[in-house]
Amino acid sequence: MQMTKRNLCNEIIEGFESLKKSRLIKTTLPGFEKELKTKPTLSSKTVKVIRNQWNFSKQEFDDHQE
């Protein structure tokens, strides 16, 4: 039984092209709607309590808001 030669470079290129195609195609579910929730509002006292529990400075807390 004789083995055929494989071209590994071509196989790798084909694999990357397949990955590229699959990443470009963005599939969504038809008829699916997502309700956007609003951000909860927090009082300054609540924010201060949370910051103290986590031991965050004001700057660190603001950096983690998003």
Side-chain angles (χ1 to χ4, degrees):
M1 182 175 202
Q2 189 175 19
M3 305 237 347
T4 59
K5 288 190 174 186
R6 294 173 59 184
N7 189 337
L8 295 179
C9 291
N10 283 343
E11 290 181 30
I12 291 172
I13 290 171
E14 287 175 15
F16 280 119
E17 287 174 356
S18 295
L19 280 173
K20 184 178 177 182
K21 286 179 185 178
S22 68
R23 289 181 181 161
L24 290 177
I25 299 171
K26 295 182 180 181
T27 57
T28 58
L29 296 174
F32 179 77
E33 293 181 15
K34 183 175 181 180
E35 184 178 320
L36 299 176
K37 296 181 181 178
T38 58
K39 283 187 172 181
T41 55
L42 300 172
S43 68
S44 59
K45 290 180 182 179
T46 307
V47 170
K48 190 172 182 178
V49 168
I50 292 170
R51 279 196 315 105
N52 288 334
Q53 286 176 346
W54 290 348
N55 198 22
F56 277 4
S57 68
K58 287 182 182 180
Q59 182 64 42
E60 288 174 320
F61 188 78
D62 289 342
D63 291 344
H64 289 86
Q65 288 296 311
E66 295 195 21

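All values below come from the heavy atoms of this structure, side chains included, with hydrogens, waters and symmetry mates left out.
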For Thr41, which residues count as a side chain to side chain contact (heavy atoms under 4.5 Å, CB included) partner, sequence neighbours excluded?
none
Going only through I, L, V, M, F, W and Y residues with side-chain contacts under 4.5 Å, is there a path from Leu42 to Val49?
no
Got a sec, which hydrophobics cluster with Leu19, joining ILVMFWY side chains under 4.5 Å apart, including via others?
Ile12, Phe16
Summary of side-chain hydrogen bond (donor to acceptor under 3.5 Å, both in side chains) pairs that have at least one residue in residues 45-55, sequence neighbours excluded:
Ser43-Thr46
Applying side-chain hydrogen bond (donor to acceptor under 3.5 Å, both in side chains), name anything that partners Glu11, two or more places apart in sequence or on another chain.
Arg6
